[in-house]
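To keep things clear, I will list the structure first and then write my remarks on it.
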Amino acid sequence: MFRRRKISKVLTNGLLVLYMLSSSSGSFAKEGMWIPATLKAREKDMQAMGLQIPVDRLYNETGTGLNNAVVLFGRGCTGEVISPQGLILTNHHCGYGSVQGISSTDKDYFANGFFAKNQNEEIPCPGLTVTFIRRMENVTDKILNKKTDTLPENLRDSIILKNILATEQEFKKITHLDATIKSYFEGNQYWVAITETYKDIRLVGFPPNGIGAFGGDVENWMWPRHTGDFSMFRIYADKDNKPAAFATSNQPYHADQYFKINSSGYKEGDFTMVYGFPGTTQEYISSYELKQVYNISDPISIAARTRKLDVWSKHMTGSRENFLKYTSKRAGVANGWKKWQGEVKGLQLNNVIAKKQAFEQSFRKWAEQQKDNEQLKTLLPQLKKEAESVDNLIEQDQYNKEAVLGIELIQQGASFENLINCFRLNLSKEALADTLNKQIKGWAGFYKNYDSATDKDVFISLMVLYFNKCAAWMPEYCKTEYKNHIQDIAKWANDIYGNSMIASYDKLKAFGSNVQPADSSKLLADPAWRLYDAINTVRKQKIIKVLKDYNSKMRSLNRLYMKSQMQMQNKQTFYPNANLTLRLAYGPVKGLDPDGPAKYSFQTTLGETVALDDSTSDIFRVPKKLKELYRTKDYGRWGVNGTMPLAFLAANHTSGGNSGSPVLNARGELIGTNFDRAYEGTMSDYYFDPSRCRNISVDIRYTLFIVDKFGDAGWLIDEMDIVQKK
Ligand code: ARG
Ligand code: GLU
């Protein structure tokens, strides 16, 4: 909302608001995640800050742009192509789930790492995909027209959806590729992305957790940082270089566009870019919705997850089996948990709600002056009224989602319902057994990573939270159970986990192996199911329905609010909120001193990592071999005057989904891989403050050093294109 416009002073009584246009001086951090196809309009600004190549090189529609070297990795990360043979670099934590799928106590890649010695050793990762964005086009005219502007919201939605599907089909026919249309600027614009998704992706290199996840949750979202958060994969394609399902006959993908690597480093102030797929930001929302995040959703999620993580940690510490079951899930849950803490702190330190309120005052004044537009004048009061009307529902549902459905056993209720539905089909005994057992088989993945003793302790901890906070909204079933068990929730947990079929795969399989058409009553009586069903029914009837209407109203109000903000500040170029489409951010390498003159450096080194070594800690234990390389200063071509650079800070506007993104220098050469943001700066999803917001990257030289010296995989370096000049 405040792009290129910085509120320099806000008196909290809101009477005096002084806006100042910030200069676009080269040393400033830059707000914005830009659609690559619109970069022409940024070119001058980027060049003034240091860009040395034409923006056409970054993106064009003839196949020669660097957009063809960036991929959406999996469903929510970014990766970059770094060799003509389809080698991809991304984060360790982006490969984590796939690596878990191919790890076991025998092949413990988390403990030992993995570096293929040649292409034959690369390991297929079922389910993993990467997607290229070949081209983007503004198709707003095909999706919206005069008619859509005046229709009621649900009619409008259905016409837009029809237009989207038809237009996607047109593009697919013309291009013979995939086409996806998404909304930008809260439904004021639509863009199509022409994409290609490769499905045979193989693991090439993965450092052990002692490098790739070093510092764990303690260092996560923090600076200084010592994590070698990278991993490498390779794209395989059919004989025509096209996407294909896994086949041994597939060949490494031949890449015309890949990133050259620059291993000569950078200094503070140098121009950088981050090219990738930021997931969700809400820079333009009103203070009323931001208050919901700040006062309701974030604090509840933090409280619930604190409890869950405590229990998980306890159970993971003593058992390698439990560790392997929960490590990926834990990383995901802990990641949000800590991010929201940083976010709340950042929003508070920066008085973001007051800043939004101040902006809203000037918006109101502007709206007053717009002739014949009653809707504009009532827009903010309407947004306020709508938002405040659902505050309590949002609170309740956050407890439902994070506390009750945060218990794995209860969450499985949704799948359990599918089993119950099998009985509603009136099938013959054989057909019933067949359908049901197919479903039960599908639960194997869940049980591979499930420990019911762990989950039972989570249940005890989270149900206490729910009971304490949600008495007013509890379904009858819960109230009764609550009355019966408040003295002894552990006993209740024993009953449920002892009797529920969901808690034990053996019980569930035994049920399936001898199922009779009359057995549905056994499922319906399952205590975990009954709890899920009670909560879910109330949720559906009393909460979801209302929130659906609310969201639909807010979509329409926010569409107008967005459009009006752009009209009000028509001298500025706006960037759309993140929506997991390809974006480019740019900004300088820059250190961080959030609390005053004690300036943190913009860079960390291996030496600092070794100084943190703690053999008694799971997350701060430096691998022996790495310590040896440090002791002998055996850094190969990658060290600088006896030190090994590790991670660095820059002031780019990034978000979740930018993990694994290429970090480029002024010539578009790779100098690092983005993997995080600094704590309070995570508020940039709502408000980008150049003095606090930083992205954190692994230095490419550290990545190459680990591949080369720790992983003994010099053959990978040989296929890369490494330039050394400054
Ligand atoms: N915070 C980073 C991101 O959002 C890294 C997460 C992985 N690391 C961790 N310790 N959980 O993805
Ligand atoms: N680690 C994040 C991710 O998975 C990126 C950091 C961020 O949110 O900026 O995308």
Side-chain angles (χ1 to χ4, degrees), residues 29 31 33 70-80 90-100 110 206-207 209-223 225-231 274-283 305 308-309 312-313 316 323 326-343 346 577-583 585 587 592 617-620 647 649-663 672-688 692-698:
E31 173 175 359
M33 24 182 82
V70 186
V71 293
L72 176 69
F73 184 88
R75 274 184 292 262
C77 274
T78 304
E80 53 271 19
T90 185
N91 288 150
H92 192 265
H93 75 264
C94 293
Y96 212 82
S98 296
V99 171
Q100 182 178 39
F110 298 122
F206 188 83
N209 281 7
I211 294 171
F214 184 84
D217 293 328
V218 176
E219 283 206 350
N220 195 20
W221 299 113
M222 301 282 222
W223 182 261
R225 194 62 167 278
H226 308 88
T227 320
D229 195 343
F230 80 90
S231 61
V274 179
Y275 211 172
F277 293 86
T280 316
T281 60
Q282 290 180 281
E283 314 289 344
R305 289 184 183 207
K308 174 145 104 180
L309 289 166
W312 279 1
S313 297
M316 285 164 76
F323 174 86
Y326 279 88
T327 181
S328 187
K329 282 190 271 197
R330 184 185 195 289
V333 168
N335 197 40
W337 167 78
K338 191 159 179 195
K339 183 201 158 179
W340 296 319
Q341 294 176 62
E343 184 169 281
N577 274 324
N579 60 355
L580 206 63
T581 59
L582 187 60
R583 303 295 179 88
L592 184 64
S617 154
D618 262 353
I619 54 178
F620 285 103
L649 276 187
N652 290 290
H653 192 179
T654 55
S655 189
N658 268 124
S659 271
S661 296
V663 183
T673 307
N674 182 72
F675 71 101
D676 215 3
R677 275 176 290 170
Y679 203 57
E680 298 93 338
T682 57
M683 70 168 166
S684 68
D685 289 350
Y686 301 99
Y687 180 81
F688 186 91
R692 287 193 198 268
C693 295
R694 296 288 181 276
N695 66 304
I696 305 177
S697 309
V698 200

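Everything numeric here is computed off the predicted structure, so don't read it as measured data. Both backbone and side-chain heavy atoms feed into the values below; hydrogens, waters and symmetry mates do not. All ligand and atom numbering here is 1-based and tracks the order in the structure.
- Protein residues with a heavy atom closer than 4.0 Å to ligand 2 are His93, Trp221, Thr654, Ser655, Gly656, Gly657, Asn658, Ser659, Phe675, Asp676, Arg677, listed by chain and number.
- The ring-ring contact (aromatic ring centres under 6.0 Å, His included) search around Phe73 returns Phe233, not counting sequence neighbours.
- In the model, Asn652 has no side-chain atom that pairs as donor or acceptor with a side-chain atom of Thr654 under 3.5 Å.
- Residues satisfying the side-chain hydrogen bond (donor to acceptor under 3.5 Å, both in side chains) criterion with Thr280, sequence neighbours excluded, are absent altogether.
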Where do Lys338 and Asp217 land on the salt bridge (Lys or Arg N to Asp or Glu O under 4.0 Å) test, with the steps shown first? CA-CA 8 Å; Lys338 191 159 179 195; Asp217 293 328; over 6 Å; no

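- No hydrogens or angles considered: nothing links the side chains of Asn674 and Asn658 as a donor-acceptor pair under 3.5 Å.
- Aromatic rings of Trp221 and Tyr679 (six-membered ring for Trp) have centroids beyond the 6.0 Å cut-off, not under it.
- At a heavy-atom cutoff of 4.0 Å, ligand 1 is surrounded by His93, Gly216, Asp217, Asn220, Trp221, Ala331, Asn335, Ser659, Phe675, Asp676.
- Counted by atom type alone, Arg330 and Ser313 present one or more donor-acceptor pairs between their side chains at under 3.5 Å.
- If you check the side chains of Asn695 and Asp676, you find no donor sitting under 3.5 Å from an acceptor.
- Using a 4.5 Å heavy-atom cutoff, the side chains of Cys77 and Phe277 are not in contact.
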